[in-house]
Amino acid sequence: ATLCSANEKARRTPLSALHPVGLSATLCSANEKARPTPLPLPVHMARDIPEKPSLEGLEAKWDARWEQDGTYRFDRSKTRDQIFAIDTPPPTVSGSLHMGSVFGYVQTDAHARYRRMSGKEVFYPMGWDDNGLPTERRVQNYYGVRCDPNIAYDPDFTPPETAYDPPVQVSRRNFIDLCHVLTAEDEKVFEDLWRAIGLSVDWSLTYATIDHHSRRISQKAFLRNLARGEAYSAEAPVLWDVDFQTAVAQAELEDREKAGAYYKIAFRKADGEPVYIDTTRPELICSCVALVAHPDDERYQGLIGEKVTSPLFGVELPVVAHDLADPEKGTGIAMICTFGDTTDVTWWRELDLPTRAVIQHDGRFHEETPEWLSGEGADTYSELAGLFPNQARRKMAEMLEEAGALDGEPREITHPVKFYEKGDRPLEIVTSRQWYIRNGARDDELRNDLLARGEELHWVPEHMGVRYKHWVDGLNSDWLISRQRFFGVPIPLWYRLDSSGEPDYENPLAPDEADLPIDPSSHVPAGYEESQRGKPGGFVGDPDIMDTWATSSLTPQIAGHWDDDPDLWARVFPMDIRPQGPDIIRTWLFSTTVRSHFEHGRLPWDTATINGWILDPDRKKMSKSIGNVVTPMPFVEEYGAEAVRYWACKGRPGADTAIDFGIMKIGRRLAIKILNAARFALGFTDSDVDPAAINEDIDKSMLAGLSATVEEATKAFEEYDYTRALEAAESSFWGWTDDYVELVKARAYGEGAQAASAHAALQLALGVYLRLFAPFLPYTTEEVWSWWKEGSIHRMPWPDETQLATHTGEPAVLSKTSEVLAAVRRTKSDASVSMRAEVERVSVTGDSSDIDLIRAAEADLKAAARAASIEYAEGEFGVVAVLTAQ
RNA sequence: GGGCGCUUAGCUCAGUUGGCUAGAGCACUGCCCUUACAAGGCAGGGGUCGGCGGUUCGAGUCCGUCAGCGCCCACCA
């Protein structure tokens, strides 16, 4: 009754308790004591095979050994056609570890291991993405500091032990130092996990997106984009996060459903007649520049071209017509503000309307009264000055109510509001100067070229390509790459200041490529002195940094050393695969395609392998906001790396997969089974047996089946379907242990040519199975290999079914004999007797070909069934076993 | 509003050009300490393939339609 009860409990433990402590209740501890000591094999055990093989400690042992031996070290003497290059996703190191951090990476690793065994030299680097806002935010929270660019550098600064509230203000340079300290720690945590789960990356190739080399490539690529006209700066309305106080790009937006309300507000015609509009943002009436209706809307046709006056502010406004005005929405006529939403931007641009901005970069309403307001309007505005939009909205609603300009009660609604994906408050739209890289949003020819690149790319699974197409089709603005932040790759430009101190943005000063990377805030453009910084007639550095994707879109160039190692670059580019998650097709995959298209005129890789989502055990998507993120290390420690890898590889390409402890347990069981089966197969001789000794029909039959398995697994891997490759090996292997091994066991314990045939067949098959499993279970297979062979299994050739061909025979001998054995087992099971129970007689009826197959394995069958005799008769296939009376 | 994916046993999932009686593992039930493995083995029960309609000699598979779930995109008035 106590069997596995501890295990059962662990399985039912709620997620919230799944911490190292919660899991540490030893699995199956009750069983530990009751287990009898294993009997030693009766034959010579000259090989170093443990009596009780175990998975414990294999990860640490082999990770150290692989590192020492350079097992996965990239051999750059190989040529492009001999190399398989992987554009590994650099994880955001400031992000938390979760099961997704192992899922996709293990799947890619399994494929990498297959390619390495099948003869390719695998270029498999790891990178760390430590740029950008996530790191900044993490540093702020971790150390309790805020960056203030106006503070001087303090060389003796040490971060506070605990985070203070309010935060400590530090200089930009001190802040960046802290970023480096923290990312180094974060990288270590990720590396420990990757090593624990056995990723076969070459750690000597590791890069970080903030390191010297990456900054150099990032700036070089940008300057080349600039020189070719693919990058440009413009003063324009941008989506703006008021907390981070930076512009954000279209790709970083997400909609969130927020509660809001429609306010029905009266504007007045010259004759005093009201014109009602519906708005969710009444606080922006002061920035209204026009009302807009659809040109075909009969209700408002007479109003087009007329003037109306805004309530409380008394501003006279034109009524204009535009197709985007939706007669079905609200009252059918809307106010255009600068800017309440992206439609406003479109109207403003296309209808050439004035700009009346009231929201500042910090999200508050300007303190000063705008120039277009006067008299009562100015008084009204003074009530809003300095407020945040949500505060201003409440104030405005009160004032409208009092003024009788509000028609009825506000109608509460829920509507989608645009947020920066990492932000906490709705985005505002402000006008500012930013850098962009063209992406086809405003250029049909480029858009079509990029769509064609998407068609060219081999997508796994295929339907993921649709997401790329939709994204490119739906682009409505160029790629905004500048960010008003501190930690990242600086935009490598300066601007001349004219005699009045105004920057000349149209003709930026660029550094020489040879001087990269540079920081324009501390380096000086050619022909200038530091003393001229900020002075009229002098220069000023661009204060911004680049978006994290502006650098990570260059991972092939960074990892392949595009700029400083043309020999390596020629060997690895274009790369073979880009493995990544589906959520970053619109960002990482697309931006990498754009950069490669511009710089190299081609795709950066042949194939994109897109993994699925990780769902929690209740099949909900894991996210930090729900609080169901599961960290992987406890699973690795408790179930073992092989178990976690097995689970990850059971998730099919692109398929969403739930965390499933049951599947991890099966993986662990498989690994243990392999150890034990290997112990049996290798236990008969202390030297290899020549495969030429294989002459028994059933041995040859087994090898024929194995050959088919190899073929199937290979085909699956070639189609990037690691799951099918695993399942092929797995189902074949269980059949092998359950039937073939049982059938030949007695013969194997004997002597002479017949025993030698079994020994040779067992060894040959084991060698094949180990290699079929090596991509999935690298530790177990390496362990067994080390009992037996020299060198790492992970550098051994992938099994080739044609090499088995000389030893194969009729596959049906084994399958038919197994059917008979199963029938005998059923008889024993029905009789509730041991499988060792003696059988007086087995009667087999079948057609002559069936009988011939079984006769070919009769001796093994009799031994395995413990049958005294086997009789045959012609007829429909059937088996009757008569148990010996006790 | 548009798009993509999913729906097969209690659970997690296979089922590749339509073809014998729909499979696996887990879970469940029974039996078995068997000289690789009791952290194991052997055997068994369990499904009208989300609903409806159509094509076909034949549909889990193809077509249409509806429903539910998940994800992505969309101009927030």
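All values reported here derive from a predicted model rather than from experimental measurement. Numbered from 1 within each chain, the chains take letters A, B, ... in sequence-line order.
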- Query: For RNA chain B, whose closest nucleotide is more 5', that of Ala823(A) or that of Asn676(A)?
  - Reply: Asn676(A)

- Query: Ile672(A) has a side chain; which of C72(B), A77(B), A39(B) sits nearest to it?
  - Reply: A39(B)

- With sequence neighbours excluded, what pairs up with Arg281(A) under the salt bridge (Lys or Arg N to Asp or Glu O under 4.0 Å) test? Glu283(A), Glu428(A)

Give each protein N/O atom lying under 3.5 Å from an N/O atom of nucleotides 2-5 of chain B, with the pair distance.
residue	atom	partner	partner atom	Å
G3(B)	O2'	His470(A)	ND1	3.2
G3(B)	O2'	His470(A)	NE2	3.2

- Message: With salt bridge (charged side-chain N to carboxylate O under 4.0 Å, His left out) as the rule and sequence neighbours excluded, what pairs involving residues 323-343 of chain A come up?
- Response: none

- 5'-most contact on RNA chain B (nearest-nucleotide basis), Lys673(A) vs Ile429(A), goes to Lys673(A)

- Message: Heavy atoms only, 4.0 Å cut-off, all strands: where does Lys828(A) land among base, sugar-phosphate and nothing?
- Response: nothing

- Item | Proximal nucleotide (of C37(B), C76(B), U34(B)) relative to the Lys52(A) side chain | C37(B)

- Item | Rounded distance (Å) that lies between atom C1' of G40(B) and atom CG of Leu675(A) | 14 Å

- Message: Regarding Asp583(A), tell me which of base, sugar-phosphate or nothing describes its non-hydrogen contacts under 4.0 Å with the strands shown.
- Response: nothing

- Can you sort out the partners of Arg669(A) under side chain to side chain contact (heavy atoms under 4.5 Å, CB included), two or more places apart, ordered by chain and number? Trp734(A)

- Query: Asn676(A): what forms a side chain to side chain contact (heavy atoms under 4.5 Å, CB included) with it, not counting sequence neighbours?
  - Reply: Pro53(A), Ile672(A)

- Message: Need one value for Glu350(A): base, sugar-phosphate or nothing, where a base atom within 4.0 Å counts as base even if backbone is also close, heavy atoms only.
- Response: nothing

- Who are the salt bridge (Lys or Arg N to Asp or Glu O under 4.0 Å) partners of Asp473(A), not counting sequence neighbours? Lys469(A)

- Give Thr737(A) one of three labels, base, sugar-phosphate or nothing, depending on what nucleic acid heavy atoms sit under 4.0 Å from its own. base

- Any Lys418(A) side-chain N or O less than 4.0 Å from OP1/OP2 of C75(B): yes

- Query: With sugar-phosphate meaning primed atoms plus P, OP1 and OP2, does Trp734(A) contact a base, only sugar-phosphate, or nothing at under 4.0 Å between heavy atoms?
  - Reply: sugar-phosphate

- Minimum-distance nucleotide (side-chain atoms of Arg866(A) versus C75(B), U35(B), G41(B)): U35(B)

- Task: Have a look at Glu742(A) and say if it touches a base, only the backbone sugar-phosphate, or nothing, with a 4.0 Å heavy-atom cut-off.
- Result: base

- Message: Which nucleotide wins on minimum distance to the side chain of Arg652(A), given the candidates A14(B), C76(B), U12(B)?
- Response: A14(B)

- Task: Would you mind building the protein contact string for nucleotides 20-26 of chain B? One character per nucleotide, 5' to 3', B for base within reach (heavy atoms under 4.0 Å), S for sugar-phosphate only, - for untouched.
- Result: -----SS

- Roughly how far, to the nearest 0.5 Å, is the OG1 atom of Thr657(A) from the CD1 atom of Ile663(A)? 8.5 Å

- Task: For Asp255(A), answer base if it contacts any base atom (sugar-phosphate contacts may also be present), sugar-phosphate if it contacts only those atoms, and nothing otherwise; contact means non-hydrogen atoms under 4.0 Å.
- Result: base

- Note on the structure: Quick note, salt bridge (charged side-chain N to carboxylate O under 4.0 Å, His left out) partners involving residues 822-833 of chain A, not counting sequence neighbours, are Asp739(A)-Arg825(A)

- Note on the structure: Here RNA chain B, pairs taken as Watson-Crick or G-U under 3.5 Å and shown with ( ), [ ] when crossing and | when to another strand, reads (((((((..((((.....[...)))).(((((.......))))).....(((((..]....))))))))))))....

- How about Trp240(A) and Ile359(A): do any of their side-chain heavy atoms sit closer than 4.5 Å? no

- Query: What nucleic acid atoms does Ala831(A) come within less than 4.0 Å of, heavy atoms only: base, sugar-phosphate, or nothing?
  - Reply: nothing

- Message: Measure NZ/Lys329(A) against P/A77(B) and give the value in whole Å, please.
- Response: 6 Å

- Query: Taking CG from Asp739(A) and C1' from A43(B), how many angstroms apart are they, rounded to a whole number?
  - Reply: 13 Å

- Item | Selection from C76(B), U12(B), A43(B) that lies nearest to any side-chain heavy atom of Arg825(A) | A43(B)

- Message: Tell me every residue that passes salt bridge (Lys or Arg N to Asp or Glu O under 4.0 Å) with Glu719(A), counting only those two or more places apart in sequence or in another chain.
- Response: Lys715(A), Arg724(A)

- Note on the structure: Of the candidates A43(B), C76(B), A39(B), the side chain of His415(A) sits closest to C76(B)

- Message: Just to verify, what does Asp583(A) make a salt bridge (Lys or Arg N to Asp or Glu O under 4.0 Å) with, not counting sequence neighbours?
- Response: none

- Within 45° of the six-membered ring axis of Tyr639(A) and under 6.0 Å from that ring's centre, is NZ or CZ of Arg668(A) located there? no

- Item | Residues in side chain to side chain contact (heavy atoms under 4.5 Å, CB included) contact with Ala608(A), at least two apart in sequence or another chain | Leu457(A), Trp459(A), Leu589(A), Ile610(A)

- Task: Check whether any side-chain nitrogen or oxygen of Gln250(A) sits under 4.0 Å from OP1 or OP2 of A74(B), and answer yes or no.
- Result: yes

- Message: Can you tell me which nucleotide in U34(B), C71(B), A43(B) comes closest to the side chain of Ser829(A)?
- Response: A43(B)

- Is there a salt bridge (Lys or Arg N to Asp or Glu O under 4.0 Å) between Arg747(A) and Asp860(A) once you walk through the steps? CA-CA 7 Å; Arg747(A) 173 157 54 91; Asp860(A) 286 342; 2.8 Å; yes

- Message: Under 3.5 Å, is there any donor-acceptor pair linking the side chain of Ser832(A) to the base of G30(B)?
- Response: no

